[in-house]
Amino acid sequence: GAVVSQHPSWVICKSGTSVKIECRSLDFQATTMFWYRQFPKQSLMLMATSNEGSKATYEQGVEKDKFLINHASLTLSTLTVTSAHPEDSSFYICSALGGEGQETQYFGPGTRLLVL
Amino acid sequence: GNSVTQMEGPVTLSEEAFLTINCTYTATGYPSLFWYVQYPGEGLQLLLKATKADDKGSNKGFEATYRKETTSFHLEKGSVQVSDSAVYFCALSEYNFNKFYFGSGTKLNVKP
């Protein structure tokens with residue numbers, strides 16, 4: 001149980017275009033989901049916390065107009081990278097809060113984004 | 001504030017060697033502690049967790065004990081396998097689990 005999927009698994013796009021990444025909790029409902037960015041050989045950087053039915057909470061330094069997050073249902077959160085640029089190329093990982101006591105993060109497999 | 005510090009890697013071991021990856025934390029309250037593992041090209045998977053002091057989390061031969069007195073949650077395994085090669089992340093969450101703090105990750109290489 002507690003499976004989280006992400007789609008697409010990797011995407012290549014041209015500079016200036018927008019890319020949407022989906023994060024789904026497949027066998028449980030997730031009120032809270034998280035979006036991370038992982039740079040090569042580095043740890044996860046929390047970008048934002050997404051709560052179903054409300055606005056996402058962004059971490060300091062993360063542009064909310066550039067990284068649009070929508071959590072419209074208890075099983076789906078989306079991250080849209082708007083007007084992507086090469087510096088947005090990265091590995092984006094989502095997680096959903098679940099488990100007994102809603103205390104464990106379950107991670108998606110990640111989406112690798114390459115902006116040309 | 002809250003933070004997690006892990007030993008820097010990479011850690012290179014021979015198969016069947018004993019593994020310890022150190023993790024210490026700083027927290028303002030009483031956090032829950034986690035170890036996650038990331039295999040090459042994949043997302044993170046929960047390895048084990050402990051939610052209160054003196055709890056021991058265990059899974060797949062890995063163990064970690066929540067030590068409040070030393071603010072530590074060291075990961076151990078008695079006999080590593082090549083398939084254990086991955087990056088291991090220590091993490092803590094505050095009591096309301098609305099935010100998690102991750103260590104920088106420790107890469108483990110196990111050679112046959």
Side-chain angles (χ1 to χ4, degrees), chain A residues 1-10 21 23-26 28 30-52 54 56-60 62 71 90-112, chain B residues 1-11 21 23 25 27 29-52 55 57 59 64 66 73 85-109:
Chain A
V3 177
V4 175
S5 70
Q6 276 185 247
H7 178 80
S9 56
W10 66 284
I21 302 170
C23 177
R24 293 182 185 274
S25 57
L26 297 185
F28 67 103
T31 305
T32 303
M33 290 184 173
F34 303 89
W35 286 97
Y36 294 87
R37 187 172 174 177
Q38 186 178 32
F39 295 95
K41 299 183 179 180
Q42 293 188 26
S43 187
L44 289 79
M45 181 192 81
L46 178 64
M47 299 175 66
T49 302
S50 167
N51 290 297
E52 187 267 337
S54 63
T57 302
Y58 290 81
E59 295 300 301
Q60 193 172 10
V62 178
H71 193 160
S90 193
F91 194 51
Y92 293 88
I93 304 175
C94 75
S95 69
L97 201 57
E100 188 179 330
Q102 293 284 295
E103 62 186 26
T104 301
Q105 283 194 60
Y106 296 95
F107 285 82
T111 296
R112 188 162 300 283
Chain B
N2 297 322
S3 67
V4 176
T5 302
Q6 283 181 243
M7 61 187 288
E8 286 194 25
V11 173
I21 299 178
C23 171
Y25 68 89
Y30 300 95
S32 291
L33 301 173
F34 304 80
W35 276 101
Y36 283 85
V37 58
Q38 184 178 31
Y39 297 101
E42 299 182 13
L44 277 71
Q45 301 174 26
L46 176 64
L47 181 58
L48 53 84
K49 66 179 182 182
T51 57
K52 61 182 187 297
D55 270 2
N59 185 27
Y66 187 162
F73 193 54
S85 297
V87 181
Y88 293 81
F89 292 92
C90 184
L92 72 82
S93 71
E94 299 170 321
Y95 75 95
N96 59 0
F97 306 106
N98 274 339
K99 195 162 184 176
F100 282 63
Y101 300 83
F102 285 85
S104 56
T106 302
K107 185 172 184 179
L108 170 65
N109 295 316

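Numbers restart at 1 for each chain; the letters A, B, ... are given by sequence-line order, proteins then strands.
In this structure, no portion of Q6(A) lies under 4.5 Å from any heavy atom of chain B. Proximity to chain A is limited to the side chain of F89(B), based on heavy atoms less than 4.5 angstrom apart. Contact annotation for Q6(B): neither backbone nor side-chain heavy atoms come within less than 4.5 Å of a heavy atom of chain A. Only the side chain of L46(B) comes within less than 4.5 Å of a heavy atom in chain A; its backbone stays farther off.
Y36(B) places no side-chain N or O within 3.5 Å of a backbone atom of F107(A) that could act as its donor or acceptor partner.
Counting heavy atoms from C-beta outward, I93(A) and Q38(B) have side chains that approach closer than 4.5 Å. Inter-residue side-chain proximity for F102(B) and Q38(A) is flagged as unmet; no heavy-atom pair is nearer than 4.5 Å. Counting only heavy atoms from C-beta outward, the side chains of T49(A) and F100(B) never approach each other to under 4.5 Å.
The number of heavy atoms from other shown groups lying within 6.0 Å of CD (E42(B)) is above 12.
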